[in-house]
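No experiment lies behind these values; they were computed from the predicted model shown.
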Amino acid sequence: MKRALTVVFLVSLAVAVSYAQVGKITQQDWVTSRADAQRTSWIRSDAFISPESMQKPGFALRWKATLADRSAPRSALAEGVVFGNLGFGSKPVSFITSRANRVFAVDNDTGVVFWQRELEGSIIRTNVCPGGATSAATRPATLVPVIPSWRGLPERGAYSSAVSAPGEGVLPYLLERQAAARAPAPTPAPASAPPAPPLPQVVYALSSDGILHTLGLYSGKDMSRPLPFLPPNARSSDLIAIGNVVYTTTTSGCGGVADGVWAMDLSSDAHDVKTWKSDAGSLVGRISFGTSGTVFVGSSNAIVALDPKELTVRNRFTLTGSTFVTSPVVFTIAEREIVAATAQDGSVLLLDAASLALLGRSTVGSRDPRGLATWEDRAGTRWLLATTLRSVLGFKATFVNGALTLETGWTSQPIGEPLPPIIVNGVAFLVSSDGPPILYALDAATGRELWTSGRTIVSPALRPALWAGIGQVQVATSDNVVYAFGFAMERD
Amino acid sequence: MRRCLIAAGLILAIARVGAVDYLTAGADPQRTGWVKGEKVFTPANVSRMKLLWKKKLPSTPREMHNLFPPLVTERVTTARGEREIVVVPGVSDDLFGLDAATGEMFWARHFDSASDPANGVPPGTLCPGGQTAIPVIAPGRASGDYIAHAVSWDGRLRHINVADGSDAAPAEKFAPPNGKPYALNLVNGVIYTTLAQGCGGWPNAFLSYDLATKKSSAFLPQGGGLWGRRGPAIDADGRVYMGTGDNPYFSDRKNLGNAIVGVKIDANSQLQYDGHYAPSNANWMFKRDLDMNVSPMAFDYRGRKFLLASSKECRVWLLDRDQLGGDDHRTPLYRTPLICNDDAMLDASGVWGSMAAWEDANGTAWVLVPFWGAVSKTFHAPIEYGRPVRGGVAAFKLEQQNGAWTLTPAWLSRDMDMAEEVLVAGGIVFAYGSGEDTRQQGIERAFDEPAPAIRTTAKVSVQSVRRISSSTHATLYALDAQTGKELWSSGEQITSFNHFSGLTVANGRVYVPTYDGYIYCFGVTR
């Protein structure tokens, strides 16, 4: 009996673990603007979305929700960030800031507002300065994206039954079934470094008064004391938190604040704020990170590499004859880390992340490039997707005689003023903006149209925000409505 | 002894005719919650109900569990003469025999489980260990003899004389140790239960024990859950029903997660698959952890063999037991809209207690559904006593409309703090709010928010400490079964909550056990 109970105990542990994990679709979350610290806009894998699945029926509008009151300005909603498995009910939630100084937590399955939080601070709006909480929220991010592998639901045998010998009870049969269900123990990989501590389960948001809020995922409560980060009424770009440091940029001189990069170490008692004020012209959008932690910021005429702690300049690339129009995007090819950004003249500049030396410059065929995203296919081909006024282009990045070049892989069908794409498991999603927005799904390796939302989105155009959840893509439109598209899991 | 136990099972139905007993959870093997024999309570006298007695029992709680709803035998032959005995199960392997009239404890029985059936694995809120199944009582061979069958923490089946707490027969191997079996049922000499929620690491299973052959059987539906509070429902044809959860539904793989599963014992005492129904949104329910967590009810009405089921999702499925779910296993006779849980929450919302079904003197059939949390914004009834926010009871009429069976909302009760099990007796719906803090997750405290008071010294899990500390107290209600009007309430008289417990009604008395080890007896003068 004692031996039997020992077996029971050991088996119990294994089964308890498997039960705990059942039901949770674990995959890469869209944790910060443009998905990750490199701002690639790329979700590596998805349990539902793929070029194959998008060719079948089923991808459709799942819900739409209006997230602002009448006092909210147009285009108030920023791009959301996602926690895919909130609690053990596997509730996927998007956290979305509004320039009305609010943060919404929206159930990605239903569109129900799980909580909303109004932040303090006056809102001063001008033609140049939109006012309010201008930055998207962020979850804690990592320098290398955390990409859990989704192995699907565990295989189970068919239902079964047995009968015992008289007086034997069901224990022998249940032990046998436990043993059959037990998965072989995975061989642990040799530990090269101590495991990283778990990331805090919070979402960061910046109010119009420049105060950083650390909000609980379940309640929106301030889990830490709100901290002054920026001067009031600055126009901040998308917030990001790496380790214990929170970063953002300020642009347009809003609130009298110069263009610059800002960082605050949350682990220090003093919560000192570091600043790098731009000496390279107006900043362009958000910062990105190399996998070693270097901060890359784009300005109208330079890409600048900053030390992540002190925000001191490490390197700089100066552009002549044109101006940068997109934030830097970081990716790796042939074991070299590359910083890419597009310029007004229609070129994509490819820089060595370590030195900011120019490795290549390719024309994308338009004098009005609008956005950049990058992904790598299963064959290892590195793709850059760039949007122009009328289409999306897919480029293959390759080294030729030491120079990094972009070779046109595909050009999409005409799409009216497409906004920067995102890529989910080989599918590029983008929204047109020259009329009622249309969400397009293209095969990210061929440009072939897989699906469109047609006339589903009835909201006006103007800078919709786009982000991905598990098996789902959300679009926030200028009338502050979030449309969620995905494969319906029948609720009713 | 064997002959005695067989006889006990076979004559159960006969014995029920003449006695006003409450021998199994939910009043009958069908789990209808309808106390048909009740002769004392009436809508006219229930307003005079009062606390008759309360008794603190020497039961040690485990996590949030303590006492379970008692079973009642009206005429037990004891050494002190014929008495009405209340058998109260305690989670720490205890049974107590009380005098229904006074609360005096006639006997206490502590089972001799192994020193640690959990083998060192710590308990938790979900899996407390101990005795978790409400026993079942069967009449013995002689008039006035009753035997309570119970499953102790070590999984053994106990046979206890209700008169004095002694062993009617030696304990026998049945379930695994440290599992979580739910309320026992007994039909035709076979004891049934479900082994639930993966506790002890055991697969979730229907279990049976044939008292005649001593053969045990297990049926694993490959669906989790199986944690309906009243245990499995069994119909007159011997079909056994329970809902599953925590696993997806794949009919091709015969994985019956989030489904209502029917099994039946064969001639060799082995449980065999008999049918199933999976809601069209079973996998949505799986994803959101909306288990089929409610004991189904087998309810016969106007020649039809119905099965009624519910879940945390908070709707009711009306099924035909002879064609469970139709040819595709996914077609109910009728499905109500959401009664509550608009936000598809896994905790603190939905149906968690036990329903009731009954037929009134006019031949109208009723279905009563207690629920936790706010009533759905879209659910309405012709008679409403407010819009419950903490829980309530929704009443439906089971009727035919244009040839199709349907459940028509009839009334919606007042607000109740986590409405749990309902029972119907004498034209009265007895319902209660448990007062339990049912939140399992997402309890966040702002940086400047004071820590909540800890109001327990129990050495229990963190979750149990929080929930025990923030629970309030149970409240018993008597409602007019026709209208839902409140006829009586216990108000503040009950001072503790209960967790995964329930109610018992018999012979003009209502019993409410609480976490602090008390059993309250409310009643009217007979």
Engineer: Check whether any side-chain heavy atom of B:Lys173 lies under 4.5 Å from a side-chain heavy atom of A:Pro172, and answer yes or no.
Structural biologist: no

Engineer: Within the structure provided, determine whether B:Asp448 and A:Arg225 are in side-chain contact (heavy-atom separation under 4.5 Å).
Structural biologist: no

Engineer: Return the set of residues passing side-chain hydrogen bond (donor to acceptor under 3.5 Å, both in side chains) with A:Ser267 (not counting sequence neighbours), or none when no residue passes.
Structural biologist: A:Asp265

Engineer: Which answer fits B:Arg156, side chain, backbone, both or neither, if we ask what part of it has an atom under 4.5 Å from a heavy atom of chain A?
Structural biologist: neither

Engineer: Is the closest side-chain heavy-atom distance between A:Met223 and B:Phe447 below 4.5 Å?
Structural biologist: no

Engineer: Does A:Leu171 reach the side chain of B:Pro177, with side-chain heavy atoms less than 4.5 Å apart?
Structural biologist: yes

Engineer: Which residues in residues 105-113 of chain A have a heavy atom less than 4.5 Å from any heavy atom of chain B?
Structural biologist: A:Asp107, A:Asp109, A:Thr110, A:Val112

Engineer: Tell me, do A:Val170 and B:Pro176 make a side-chain contact under 4.5 Å, heavy atoms counted?
Structural biologist: yes

Engineer: B:Tyr273 vs A:Tyr159 aromatic rings, parallel, tilted or perpendicular, using cut-offs 30° and 60°?
Structural biologist: parallel

Engineer: Heavy atom to heavy atom, less than 4.5 Å: which residues from residues 261-271 of chain B reach chain A?
Structural biologist: B:Asn268, B:Ser269, B:Gln270, B:Leu271

Engineer: For B:Ala344, is it the side chain, the backbone, both or neither that has a heavy atom under 4.5 Å from a heavy atom of chain A?
Structural biologist: both

Engineer: List the residues meeting salt bridge (Lys or Arg N to Asp or Glu O under 4.0 Å) with B:Glu449, not counting sequence neighbours, and say none if there are none.
Structural biologist: A:Lys221

Engineer: Quick one: what part of B:Asp343 sits under 4.5 Å from any heavy atom of chain A, side chain, backbone, both or neither?
Structural biologist: both

Engineer: Evaluate the side-chain proximity of A:Glu168 to B:Ser216: yes if any heavy-atom separation is below 4.5 Å, no if none is.
Structural biologist: no

Engineer: How about B:Pro203 and A:Leu174: do any of their side-chain heavy atoms sit closer than 4.5 Å?
Structural biologist: yes

Engineer: Using non-hydrogen atoms and a 4.5 Å limit, figure out which bit of B:Asp210 sits close to chain A: side chain, backbone, both or neither.
Structural biologist: neither

Engineer: Taking the side chain as every heavy atom from C-beta outward, state whether A:Arg177 and B:Gln222 have any atom pair closer than 4.5 Å.
Structural biologist: yes

